[in-house]
J.: 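Structure provided below as structure tokens; questions to follow.
The structure displayed is predicted, hence computed values, not measured ones.
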Protein chains: 2
Amino acid sequence: MADDDTGGDATPFELPPGRAASIRDVARVAGVSYQTVSRVVNDHPSIRPETKQRVLDAMEQLQYRPNRAARMLVTSRSKTFGILTSNRHHYGPATSIRAIEEAAQESGYSVVTKNLTATDDASIVQALDHLADQAVEGLVIIAPQVRVLTAIERLSLRVPYVTLQSTGEAGSHALSIDQVAGARLVTRHLIELGHRSIYHLAGPQDWIEAEARMRGFLAEMSDNDVPTTAPILGDWTADFGYRAGRELLRFRDFTAIFSSNDQMALGLLHAVREAGLDCPRDISIVGFDDIPEAAHFAPPLTTIRQDFAEIGRRCVALLFAQLEGRDADLPAIEPTLLVRSSTARPAF
Amino acid sequence: MADDDTGGDATPFELPPGRAASIRDVARVAGVSYQTVSRVVNDHPSIRPETKQRVLDAMEQLQYRPNRAARMLVTSRSKTFGILTSNRHHYGPATSIRAIEEAAQESGYSVVTKNLTATDDASIVQALDHLADQAVEGLVIIAPQVRVLTAIERLSLRVPYVTLQSTGEAGSHALSIDQVAGARLVTRHLIELGHRSIYHLAGPQDWIEAEARMRGFLAEMSDNDVPTTAPILGDWTADFGYRAGRELLRFRDFTAIFSSNDQMALGLLHAVREAGLDCPRDISIVGFDDIPEAAHFAPPLTTIRQDFAEIGRRCVALLFAQLEGRDADLPAIEPTLLVRSSTARPAF
DNA sequence: TCGTCGAATGTGAACAGTCACATGACTGCG
DNA sequence: CGCAGTCATGTGACTGTTCACATTCGACGA
């Protein structure tokens, strides 16, 4: 049953050196038609196990690799998602990206990330353009989202997209992680400790999560009838936190600061120390994100932990849902409060 | 001159809804052959400016986008580089990745990053496989490099690759950033301050840069006839630094520690503080990398700054050099020492 | 005046897959 | 015993682009 194949003679079949094996080469070696090989590759049900094995062997022998380009061309599906990110070295985004990559790959998708260097409209458009060139089938946006969103509208990209954080308004585009709830959580923690004058060091306001955290802060404060001052708009960096802290400490008309992320909180801590004050004795500071370093700050930072990996996974799930035209309604992920040593009752 | 085109009548030419415009559609609208359109796209020299404009207009009108897949198929060039990374959220790698993406894109290349979750051989092979599926033309490796390198050998990948850090030995594959020099720099700094018992908290030894930094440390120590103890092998995390610090402080038979990266130094700082000691009065600590947060540690960290962006750019340059078969000999980048407040003369 | 050259453009065939349809063999049923 | 139906496999056409090779046309030198 084995020696009836076409020309099963001494020629071990070698292909021209430069070229990689194609489906047809495999077919020839296995003694079947190229279509059969294609069926094996896509494991079509009706194929004899014996034939399948023969094809598999041939593939092994020729080191066959399906050609993505050809498949992409004919199916006009790139099996690629794009991620638009701007500060990827931040812990949260980076963790999510990793999870996205993994989840995507499980479904045979790959991921192209594009970094936004500047946040002006021109570079946003250029970045989206680049992603469009890759024929991405879906988009995850971890960037100054409001601007990107309008750019997408303007370019009339016909691609499903997901923003990493809840917009509070949008339907299937936004991932409902309750940033607002997280912000309320830390704020309540401070209030319960007895703080009555609390500053908020916010993130850039074109970031939806920055805006959501700020909303949560303001809501919790007003719910508890604590008067608020205008939030300070930062840029996520420790440097900014430091400078803001120095500025703030010139007056010292507060007992606590809620920083919209952990990096800025680090800068704040630095400024407090430099002013000869002690956190948490004189001033309580809380962060947001729980980066792996936060536990080793001086003092270890009270913060909000978010499950960034889970967020990433959900991004992919949502994208697939949109691709398949169904509505995936994922329950919101609840952030958790991590009380460490940077918060205490106010001194007076 | 404008109304002599073929059939410039009332049909505005619309293509079947689902399909995107192809080179042939553009050709029809512009009244030229598809080859001419192809020439315009690749800006071939001999094409009449007038014709070119007509084609350009048609492209604009149809919102034409060249189809990557088709081009890839026929040229068998993916115009894609792969990055294999393992701890991308670390500042250094992340910064380099961004620079790589940018530099690549300038030459019309895109970048696919693949994250290594586990560092066992199986997942390395799987990751390389995934990258190979994308038909990447070059590879940048930011990962436990020695293992990856052997995996590449074993898979007989015929792709030029660059490792982010100097191996000290390899030729054109390795990027010569002088890790050894950097390590010598900090070590000398400590020695010059008067330290004679210095511990080294190293990175995982399958990371080439970890190994190089350790080599630099040992070399500088022995050059100055300072006796050394065996380096402690860490995992780059602040958590590890903290635990190692606690362990080390039980004996306190040293006056300084050189940590192979800033994160571990942060953990060390934490342990020192917790032991009721002061850095730098009791113990000096130095890091490596100069992450943006290092300036805000308690105390601000003395460390080695590396130009990660420049490294990224060079990766791409090297890759192109390898692709074109020429030898690019880039001068090494010299790291610089940043003295902040975590180092001082030893107390006794 | 004619062949030659180069510029500008067109034609056919590849590239490596998938899809729709066709074919042949075998099974089960009336 | 013939016919329908399924299983296993094969054939031809098509995807959007580039490459190698025509073809046309005007200019120019012999």
J.: Going 5' to 3' through nucleotides 7-17 of chain C, assign each nucleotide B (protein heavy atom under 4.0 Å from a base atom), S (under 4.0 Å only from sugar-phosphate atoms) or - (no protein heavy atom that close).
T.: SSBBBB-BBBB

J.: With sequence neighbours excluded, tell me which residues meet salt bridge (charged side-chain N to carboxylate O under 4.0 Å, His left out) with A:R313.
T.: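 A:R313: salt bridge (charged side-chain N to carboxylate O under 4.0 Å, His left out) contacts with A:E310.
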
J.: What are the bounds, 5' to 3', of the part of DNA chain D that sits under 4.0 Å from heavy atoms of chain B?
T.: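 From 5' to 3', the first and last contacting nucleotides are D:dG16 to D:dA20.
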
J.: Which residues pass the side-chain hydrogen bond (donor to acceptor under 3.5 Å, both in side chains) test with B:E106, not counting sequence neighbours?
T.: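 For B:E106, no residue satisfies side-chain hydrogen bond (donor to acceptor under 3.5 Å, both in side chains) once neighbours in sequence are set aside.
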
J.: Can you pull out every ring pair (Phe, Tyr, Trp, His ring centres under 6.0 Å) where at least one residue sits in residues 132-157 of chain A? Sequence neighbours excluded, please.
T.: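 Listed once each, the pairs would be none.
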
J.: Could you pull out all residues at least two apart from A:R71 that satisfy side-chain contact (heavy atoms from CB on, under 4.5 Å)?
T.: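 Result, side-chain contact (heavy atoms from CB on, under 4.5 Å) vs A:R71: A:V41, A:N42, A:P66, A:T75.
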
J.: For the helix from C:dT1-D:dA30 to C:dG30-D:dC1, how many degrees between its two end axes (five pairs per end), to the nearest 10°?
T.: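 The two end axes of the helix from C:dT1-D:dA30 to C:dG30-D:dC1 meet at 50°.
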
J.: For B:S76, give me all partners under side-chain contact (heavy atoms from CB on, under 4.5 Å), at least two apart in sequence or on another chain.
T.: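 If we apply the side-chain contact (heavy atoms from CB on, under 4.5 Å) test to B:S76, skipping adjacent residues, there are no hits.
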
J.: Name all pairs fulfilling the ring pair (Phe, Tyr, Trp, His ring centres under 6.0 Å) condition that reach into residues 110-131 of chain A, sequence neighbours left out, sorted by first residue then second.
T.: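 Ring pair (Phe, Tyr, Trp, His ring centres under 6.0 Å) check on residues 110-131 of chain A returns no pairs.
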
J.: Report the residues that fulfil side-chain contact (heavy atoms from CB on, under 4.5 Å) with B:L56, sequence neighbours left out, ordered by chain and then residue number.
T.: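 Partners of B:L56 by the side-chain contact (heavy atoms from CB on, under 4.5 Å) criterion, ordered by chain and then number, come out as B:V40, B:K52, B:Q53, B:M59.
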
J.: Regarding A:K114 and B:Q105, is there a side-chain donor-to-acceptor distance under 3.5 Å anywhere?
T.: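 A:K114 vs B:Q105: donor-acceptor pair found between side chains.
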
J.: Which ring pair (Phe, Tyr, Trp, His ring centres under 6.0 Å) pairs, counting each pair once, include a residue from residues 33-58 of chain B, with sequence neighbours left out?
T.: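 Sorted pair list comes back empty.
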
J.: Taking side-chain contact (heavy atoms from CB on, under 4.5 Å) as the definition, give me every residue that meets it alongside B:K79, ordered by chain and number, with sequence neighbours left out.
T.: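 Counting only residues at least two positions away or on another chain, B:K79 forms a side-chain contact (heavy atoms from CB on, under 4.5 Å) with B:Y109, B:E137.
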
